[in-house]
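In each ligand, atom 1 is the first atom listed, and ligand 1 is the first ligand listed. The chain is numbered in sequence order, starting from 1.
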Amino acid sequence: EKGGYDHFMLKEIFEQPRSVADCLRGRVNADSGHLVLGGLRDYTEKLSKAKRIVIVACGTSWHAGLVAEYIFEELARINVEVEYASEFRYRNPIIKEGDFVIAISQSGETADTLAAIELAKSKGATILGVCNVVGASIPRASHAGAYTHAGPEIGVASTKAFTAQVTVLTQMAIAVASKKGTLHEDTFRRLLFELERIPSKIEKVLKSDEKIREIAEKFKDARNFIYLGRGYNFPVALEGALKLKEISYIHAEGYPAAEMKHGPIALIDAEMPVVFIATKDSSYEKVVSNIQEVKARKGIVIAIVTEGDKLIPTMADYTIEIPAMHEALIPLVSVIPLQLLSYYIAVMRGCNVDQPRNLAKSVTVE
Ligand code: F6R
């Protein structure tokens, strides 16, 4: 049942070329310029007129929501707010008739997310669900939605569900932006073309498996980790840190790299591993300066870089390459090495990666 892998988590990490392809199948065709999410067909136009979208989710799904915020705002120029479902529901949130709420949930059963959409619905919002488990409570309570089609996720730490969520949300943002007219026809075509190439780019990154295992070996006894990224890679930093915490029980923090100097930089010393997601995108130069700041304090830098980067490898202690792509799509690929890094560290520490202590796959109580 684990398909020859030692754990479900590893199997699910390696399934991502296929699960992302499944999530694109029948929805995107770059040759014909076709992009349709069947379940949202009637809502794309309405969304394109929305003044505001509120995303509610928990945990890893909340991180997928943060990636969506960057993509929707950039491509479709719609104001997006990303809320922890548990905070949203108890805060007397401002929701008006005509607002759109997107609920993201792998299980479709998370109690806080379900309660958040029930509340938003009672205030007149339209609810769109992005879920993995077909027929679960959240999709049933939504007006419409799009499934992530990642297949059953057994490992408690979410991996392929995250990339599938980001894939669906990216397709939604592109479809809405195209309807709204905020996206140039060539950018639209280019994004579809690049989306179709994401599975093979993930495949390529999975080949760095051995290299990542060697890095894991060096850091398996670390007590702390910091993850830093900017722009589209900021949510990836949060997700990398969460993956490490939940399965290896190493304390890890994710931050937007620029926030480091407002406090966390005090933690940097020769014992502190700092993972930078430092791909060639619009934040690249800024992240390079952040790497210099960490090196100046003797921190140990592990950098996820774009293939062919000549500069960062001269500064970082370890580098892992990922292929180049449109920056809005980078999180789909830059998260992969972080999943593997946390997996190998947890295995080397003897942790039960598929069923980490204190965690349940589906959080049906608040
Ligand atoms: C992290 C993880 C959790 C879930 C969260 C929401 O790896 O699995 O943080 O992402 O409990 O669960 P869903 O997506 O089922 O609503």
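For residues 134-155, the pairs satisfying salt bridge (Lys or Arg N to Asp or Glu O under 4.0 Å) are Glu153-Lys361, with sequence neighbours left out.
If you take NZ on Lys121 and OG on Ser142, they are separated by 7.5 Å, rounding to the nearest 0.5 Å.
Taking distance alone, with nitrogen or oxygen atoms compared against 3.5 Å, Lys361 stays at or beyond that limit from ligand 1. Between Thr113 and ligand 1, a contact under 3.5 Å exists for no N or O pair.
For the pair Arg357 and Tyr249, the cation-pi criterion (under 6.0 Å, within 45° of the ring axis) is fulfilled. A cation-pi geometry, defined here as NZ or CZ lying under 6.0 Å from the six-membered ring centre and within 45° of its normal, does not hold between Lys11 and Phe8.
Shown in contact with Ser105 at under 4.0 Å from a heavy atom are these atoms of ligand 1, numbered in order with element: 13 (P), 14 (O), 15 (O), 16 (O). Atoms of ligand 1 lying under 4.0 Å from at least one heavy atom of Ala157, given by number and element, are 7 (O). Applying the 4.0 Å criterion to heavy atoms of Ser61 picks out, from ligand 1, the atoms 10 (O), 13 (P), 14 (O). In summary, the atoms of ligand 1 found under 4.0 Å from a heavy atom of Ser158, numbered by their order in the structure, are 7 (O), 8 (O).
Residue nearest to atom 16 (O) of ligand 1, selected from Asn132, Thr159, Thr110: Thr110 (by heavy-atom distance). Considering each of Val130, Thr60, Val363, the one bringing a non-hydrogen atom nearest atom 4 (C) of ligand 1 is Thr60. Counting only non-hydrogen atoms, the option in Val156, Ile104, Thr148 that gets closest to atom 8 (O) of ligand 1 is Val156.
Looking only at heavy atoms of the protein, atom 6 (C) of ligand 1 is closest to Cys58 O, 3.3 Å. Shortest contact from atom 7 (O) of ligand 1 to any protein heavy atom: Glu246 OE2, 2.6 Å. Of the protein's heavy atoms, Ser107 OG, 2.7 Å lies nearest to atom 15 (O) of ligand 1.
Residue Lys243 places a heavy atom less than 4.0 Å from ligand 1.
Residues satisfying the ring-ring contact (aromatic ring centres under 6.0 Å, His included) test with Phe14, not counting sequence neighbours, are Tyr5.
Inspection of the Gln165 and Ser61 side chains reveals an N or O donor paired with an N or O acceptor under 3.5 Å. Side chains of Tyr343 and His7: a donor on one and an acceptor on the other come within 3.5 Å. Checked by atom type, the side-chain pair Gln106/Ser158 shows no donor-acceptor distance below 3.5 Å.
In terms of hydrophobic clustering, with Ile, Leu, Val, Met, Phe, Trp and Tyr side chains grouped at heavy-atom distances under 4.5 Å, Met315 and Val301 are assigned to a common cluster.
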